[in-house]
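These notes concern the structure reproduced below.
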Amino acid sequence: MAMRRAVALTFLAMMVVLLIGLGWELHARAEVRKARGDYIAALQRFEQKAKTPAEMERLPWAAQYLYLKSKVYPQRQEDLDVARQALKRVKQYKGKILEPGLRSRLGDYIGVADRLLTWTEEMWANEKEIDAAYFARDWGRRQELALDRSALGEKGQELVEAERRKWEKTGL
C-alpha cells in the first residue's frame, strides 16, 4: 500500500513538473512571437521614415539639417533601438524553449534577423552621411555615398526574404 502511494505521488509530481514545463514552453513561444512582431513593427516604422513638415522646404539649409538631426534622426534611431531590444528578447526566450529542433531553427532565425538589423543600421549610417554631404554641398562625396548605398541596397531585399523564410521555418 505504501509503495503504491509513493509511486502515485511520484507520478503525480512528474505530471505537475511536466505541466509546468509545458506552460513555460508555451509562454516562451508566445513571447518569441510577440518579440518578433515588435521587431518587424519597429523595422517597418523605421522604413516609413519620419514625416517632415511641408514648410521645411522653405527653411534655410542649415535649419533643415538641424530639424533632421533634432527631430527625425532621434525618432528613427529609437525605432532601431526598439528592434534591437526585441531581437534580444527573442534570444532570451530562445534559451527557454525545450524543443531542440525549434531552438536550433530559432538560432538560425536570430542570425539572419541580426544580419538584417546590422544591414539596416549600415544603411542608416550611410543615409546620414549622404544628408551631411548634401547639406554641406559636397556633391562629389554625396555621389560617392549614393553609389555605396545602391551597392548596399541590393543585399537588403535578400536579407528581408531570408528573414521571412527563416521565421516561417520555425513554425511559430
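Predicted model only: the values in this text are computed from it and were never measured.
Hydrophobic clustering (side-chain heavy atoms under 4.5 Å, transitive across Ile, Leu, Val, Met, Phe, Trp, Tyr) keeps L117 apart from V112. When the side chains of ILVMFWY residues are joined at heavy-atom separations under 4.5 Å, either directly or via intervening members, I110 and L116 end up in a single hydrophobic cluster. The same ILVMFWY cluster, assembled from side-chain heavy atoms under 4.5 Å apart, contains both L159 and V90. V160 and L43 fall within the same hydrophobic cluster, defined by Ile, Leu, Val, Met, Phe, Trp and Tyr side-chain heavy atoms under 4.5 Å apart, directly or through other members.
A salt bridge is defined here as a Lys NZ or Arg NE, NH1 or NH2 lying under 4.0 Å from an Asp or Glu carboxylate O, and R76 with E47 fails to meet this definition.
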Check residues 141-150 and write down every donor-acceptor pair under 3.5 Å in which the side-chain atom is one partner and the other belongs to a residue at least two apart or another chain.
unit_1, atom_1, unit_2, atom_2, d
R141, NH1, E144, OE1, 3.3
R141, NH2, E129, OE1, 2.9
R149, NH1, M123, O, 3.1
R149, NH2, E127, OE1, 3.4
S150, OG, L147, O, 2.8

Anything under 3.5 Å between a donor and an acceptor, one on a side chain of residues 92-100, the other on a protein residue two or more places apart or in another chain? List them.
unit_1, atom_1, unit_2, atom_2, d
E99, OE1, R29, NH2, 2.7

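Under the ring pair (Phe, Tyr, Trp, His ring centres under 6.0 Å) criterion, F46 pairs with W124, not counting sequence neighbours. For the salt bridge (Lys or Arg N to Asp or Glu O under 4.0 Å) test, no residue two or more places apart in sequence or in another chain qualifies with E122. F135 meets the ring pair (Phe, Tyr, Trp, His ring centres under 6.0 Å) test with W61, Y65; sequence neighbours excluded. Contacts of D79 classified as salt bridge (Lys or Arg N to Asp or Glu O under 4.0 Å), with partners at least two apart in sequence or in another chain: R45.
Other residues, nucleotides and ligands place more than 12 heavy atoms under 6.0 Å from the CD atom of Q77.
Between the side chain of Y39 and the backbone N or O of A113 there is at least one donor-acceptor pair closer than 3.5 Å.
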